[in-house]
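Single-structure report; data block below.
Only this structure's heavy atoms are used, side chains among them; waters, hydrogens and symmetry mates stay out. If you're wondering where the values come from, they're calculated on a predicted model, not measured in any experiment.
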Amino acid sequence: ILLSFLTGLVILACSFLRLGFLIDFLSIPVNIGFTSAASLTIASSQVKSLLGLTIPSNKKSSLHLGVLDGWIDIVTHITTCRWQDATLGLVCCIILLGLRSLNSKNWFKPSNKVQTQGCQAFWNKLPPSSLKILSKVVWFIC
C-alpha cells in the first residue's frame, strides 16, 4: 500500500511540474510493452476473485515466478471455485463487453441517408427529440 501511495505522489508531483513531455523520450515499443505487462498483471490478479476461489495462505505457490504463481494457484485450487461468484462475474463481464460494443454502434444516431437498414432504421422512426434523448441515455449507460 505504501508503494502505491508513493507512486501516486510521484505521478502527482510530475503532473504539477508539467513533466509529461518526458514520456516522448521513451520509445513506443517500451511504452506499449510496459502498458501490456501492467494490464496482464492486473487482469491475472483478478481471476481468483472473479471465480471466487479460496486459497489458504499456507498452500499458495512459492516458486517466485511472479504472475505464474497466481495461475499455478488458480489451476491447483480450481475445485474451490464458488459457482455463484463465477456466474455473477462472467455475466457482468458479458454485460460490460456488450455495452462496450453497443456504444460503438451507430444505432441511436440520426441518419442523414434516405435509406437506412437494420436497427438504425428502426430507431430513426422515433421523433428527433426522442432519438436524441435515447442516444444520450445509451451513451450515459455505456
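Taken from OG1 in Thr80 to CG in Leu51, the straight-line distance is 9.0 Å, to the nearest 0.5 Å. Rounding to the nearest 0.5 angstrom, the gap separating the CD1 atom in Ile72 from the CG atom in Leu63 is 5.0 Å. For the atom pair OG1 (Thr79) and NE2 (His77), the distance works out to 7.5 Å, reported to the nearest 0.5 Å. Expressed to the nearest 0.5 Å, how far CZ of Arg82 lies from OG1 of Thr54 amounts to 6.0 Å. Note that SG of Cys92 and CG of Leu50 are 9.0 Å apart. Values are rounded to the nearest 0.5 Å. Distance check: Leu131 CG to Trp123 CH2 gives 9.0 Å after rounding to the nearest 0.5 Å.
The number of heavy atoms from other shown groups lying within 6.0 Å of CG (Leu12) is above 12. A 6.0 Å sphere centred on CZ of Phe21 holds more than 12 heavy atoms belonging to other residues, nucleotides or ligands.
Between the side chain of Ser130 and the main chain of Leu126, no donor-acceptor pair closer than 3.5 Å is present. Checking side-chain atoms of Asp73 against main-chain N and O of Ser61 turns up a donor-acceptor pair under 3.5 Å. The closest donor-acceptor contact from the side chain of Ser44 to the backbone of Thr41 lies at 3.5 Å or more, if one exists at all.
One hydrophobic cluster, built from ILVMFWY side chains closer than 4.5 Å, holds both Leu17 and Phe25. Under a hydrophobic clustering in which Ile, Leu, Val, Met, Phe, Trp and Tyr are joined whenever their side-chain heavy atoms come within less than 4.5 Å, directly or via other members, Leu88 and Trp83 fall into different clusters. There is a path of hydrophobic side-chain contacts, each under 4.5 Å, that joins Val137 to Phe122. The hydrophobic cluster containing Leu134 does not contain Trp139, counting ILVMFWY residues as joined when their side-chain heavy atoms lie under 4.5 angstrom apart, directly or transitively. In the hydrophobic cluster analysis, where Ile, Leu, Val, Met, Phe, Trp and Tyr join through side-chain heavy atoms closer than 4.5 angstrom, Leu99 is grouped together with Val138.
Proximity of Leu102 to Trp107: side-chain heavy atoms (C-beta onward) are separated by under 4.5 Å at one or more points. At a threshold of 4.5 Å between non-hydrogen side-chain atoms, the residues Lys48 and Ile55 count as touching.
Between Leu65 and Asp69, the closest heavy-atom pair is N-OD2, 3.0 Å.
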